[in-house]
There are 2 protein chains.
Amino acid sequence: MEKPQLPRVTIKDVALKAGVSKTTVSRYLGGNYKEIAPKTRKRIEDTIASLNYRPNIMARGLKRNTSNLIGMVVADISNPYTTAIMRGAEDICNQNGYNLLVCNTDNDPEKENDYISMLQAHRIDGLIINTTGRNNEALKDLAHDDIPVVLVDRKVPSLEYDTIGVENHRAVTDAMHHLIEQNFDRIAFFTEPLAGVSTRKERAAAFEQVLRANGHPSCQDIYEVDLSSEGSLMDKLLFFLEESKGQTKAIFAVNGVVLLQLVIALQQLNLSIPKDLALLGFDNPEWALAVGSGITTIEQPTYEIGTAAMESILQKIKGNKTFSQYTSFSARLIIRGSTTNN
Amino acid sequence: MEKPQLPRVTIKDVALKAGVSKTTVSRYLGGNYKEIAPKTRKRIEDTIASLNYRPNIMARGLKRNTSNLIGMVVADISNPYTTAIMRGAEDICNQNGYNLLVCNTDNDPEKENDYISMLQAHRIDGLIINTTGRNNEALKDLAHDDIPVVLVDRKVPSLEYDTIGVENHRAVTDAMHHLIEQNFDRIAFFTEPLAGVSTRKERAAAFEQVLRANGHPSCQDIYEVDLSSEGSLMDKLLFFLEESKGQTKAIFAVNGVVLLQLVIALQQLNLSIPKDLALLGFDNPEWALAVGSGITTIEQPTYEIGTAAMESILQKIKGNKTFSQYTSFSARLIIRGSTTNN
DNA sequence: CCGACCAATGGAACCGGTTCCATTTGCATC
DNA sequence: GATGCAAATGGAACCGGTTCCATTGGTCGG
């Protein structure tokens, strides 16, 4: 029942047919043309074409101790934020002859550890990771093997890896000033659980700080919802609506995923945006344009974050130690109907 | 400037420290425990743990002629349809010790060919591909190397690869009957260019067929729009609106991407759904719930398509020749406000 | 015409595993 | 105690590339 392996064409076949040694063919493959006579080079070229030969990257990697593989571990592949970053990373990756090994952890630390181990077994040349932020044993291990690592979006204070993200504090501050200008009586912050996720914590902290600085009554209105549990968001939402009955109000969503769930919940409650409730959120998913008169969002330069992460990896592979600890791009507040025409 | 390679721990190191031969360690790694004395096994186990040894998959693959890598080539990674399939594929993939090598072609046939060549160089053990449908030279080549291939969503008639998708004809027919029941004077079909993409052609054909069978005046209302060109969709939309002035009308969107662009365009024109125009589309993106009173959609079992594709690959790797040419899942019409409460 | 030098090429070891085959060990049987 | 056989283990070749070092052949200056 074994698959009958047809023998693939190897460097030896090419050498034999071209009448040269493996060494010379290898030199050709490596692009060391200056060491090869032009007519020999032509002969090898023709032979490779006629045999449709394709060098085995594993064999090369074994000797060179590289794999041409970059690991990409993401917490949620169905989040548009994630795919936008992947696009950026992938483009740079392939322009440099690497391939992306993608793993989706579903925010599960155990899965994350398993994946990193697998990637290590593949001898990845670098890793871009959007970590769950919890239980980072395997991640720590990579430093020991001297594998370049770049964290994306979420920092891990105990690890000395470069991190790329946005200026969360500043972005939240800008957005909050916009909300405060509109004189809402109450402003709530809806987020997924803060535990371990630096981005969420930073945003929540900035939210609170701005409100305190303005002596606003809403400093306590931070709600952590568990999206995997049916009804969790709706319960918190109803609670907030009850608390703020008769008052003008707005909700700040920590990211695009929460934002969408809020829009759906409000629709179920037959509440209108922004008349009954204003809404604003991080990330700028395409559908934000399509809901009502548009949802106000905070746009991150996701594609650029992806390219920057990969470029940082490439630098490290080349041996250029970069010292930047945290690279933050600026985010952009896009004001739409969900926070204005009330 | 070279990176100082610190020597990684190899099977030899383990053998040495455990006082056995490489062969025995290899047997341990392969799980052939019945050939190993219990105390030897324990010793190897401990040694591996203490050295934090991780076998090199490339070295193994070189000898075994496998890579534990499955290629996944997608036309558009930012399409939620794509990521849903990736989730399914990835889950099965990893349960079986494989990893996914993801490539995004942006619907560019040239990129597709380049990627397939790269994947071939990595000696992928299988390939799942959502092909551009054009210029499939490299794809054809894979058959020659006996690499398992499964097409997803889009068929290629000239290639004898298994394909997994949905019952497009039936799904469109169901949806059209729903629209016809509502007695729209005109129904348009908006699609991305049909060229080479079987799915789009099948859906357009079914659309036309149903209308003809019902003697409906709209058989010609098929619009191909180029989303990469600014204004193309808006132009076609305005044309259709002009053509159908004073009539009741609906638009059928070929997929979720076109659907979203239509919603945005309608919002820009200040037209209301479904009062001015009813709307329905393939795919069931999450935001469809959030727009207006919900958008009527045709839901595909995307996750299942992904798992089925990967399971088919695994079967082929095991050498079980499967004879199914086209596996089609059934899609589900979800009726919401965008085609009803007018 | 000879030695020096360079350009072009080849031989063989090596990367880290797997696997075929041979060898050693342990133990029961006669 | 010798014999036989199975269980346990080891040696060495091999997978398909790369790379160090040696070799060959030709050109050039003296």
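Numbers restart at 1 for each chain; the letters A, B, ... are given by sequence-line order, proteins then strands.
For A/Thr24, a side-chain nitrogen or oxygen approaches OP1 or OP2 of C/dG10 to under 4.0 Å.
Put simply, CD1 on B/Ile44 is 12 Å from C1' on D/dG10, counting in whole angstrom units. Across the protein-nucleic acid pair, B/Tyr28 atom OH and D/dA8 atom P stand 16 Å apart, rounded to whole Å. For the pair A/Asn32 CG and C/dT9 P, the interatomic distance rounds to 13 Å; values are reported in whole Å.
No donor-acceptor pair closer than 3.5 Å links the side chain of A/Asn136 to the backbone N or O of A/Leu139. Under the 3.5 Å distance criterion, the side-chain polar atoms of B/Thr47 are left unmatched by any main-chain donor or acceptor of B/Lys17.
Between A/Asp145 and B/Arg54 no salt bridge is recorded (no basic side-chain N to carboxylate O distance below 4.0 Å). With salt bridges taken as basic N to acidic carboxylate O contacts below 4.0 Å, one links B/Lys42 and B/Asp46.
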| task | Determine, for nucleotides 12-18 of chain C in 5'-to-3' order, which nucleotides have protein heavy atoms under 4.0 Å from the base (write B), from only the sugar-phosphate (write S), or from neither (write -). | result | B-BBBBB
| message | Output one letter per nucleotide in nucleotides 23-28 of chain D: B when a protein non-hydrogen atom lies under 4.0 Å from the base, S when only the sugar-phosphate is that close, - when neither is. | response | ------
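Looking only at side-chain heavy atoms (C-beta outward), A/Ile313 and A/Ile92 stay at 4.5 Å or farther from each other.
The rotation axes computed at either terminus of the helix from C/dC1-D/dG30 to C/dC30-D/dG1 lie 50° apart, taking five pairs at each end and rounding to 10 degrees.
Nearest heavy atom pair, residue A/Glu90 against residue B/Tyr115, reads OE2-OH, 3.0 Å. The two residues A/Thr10 and A/Tyr53 come nearest to each other via the heavy atoms C-CE1, 3.5 Å. Taking all atoms of both residues into account, the shortest heavy-atom contact from B/Leu101 to B/Ile124 is CD2-CG2, 4.2 Å.
B/Tyr81 and B/Asn130 share no side-chain donor-acceptor pair at under 3.5 Å.
A/Thr40 pairs by the side-chain contact (heavy atoms from CB on, under 4.5 Å) definition with A/Val20, A/Thr24, A/Ile36, A/Ala37, A/Arg43, A/Ile44, not counting sequence neighbours.
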Nucleotide N/O of nucleotides 4-8 of chain C paired with protein N/O under 3.5 Å:
from, atom 1, to, atom 2, distance (Å)
C/dA8, OP2, A/Lys34, O, 3.1

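None of B/Lys155, B/Gln325, B/Gln315, B/Lys316 except one satisfies the side-chain hydrogen bond (donor to acceptor under 3.5 Å, both in side chains) rule with B/Asp162; the exception is B/Lys316. Exactly one residue among B/Thr105, B/Thr131, B/Asn107 makes a side-chain hydrogen bond (donor to acceptor under 3.5 Å, both in side chains) with B/Glu112. That residue is B/Thr131.
Under the salt bridge (Lys or Arg N to Asp or Glu O under 4.0 Å) criterion, no residue pair touches residues 132-141 of chain B, with sequence neighbours excluded.
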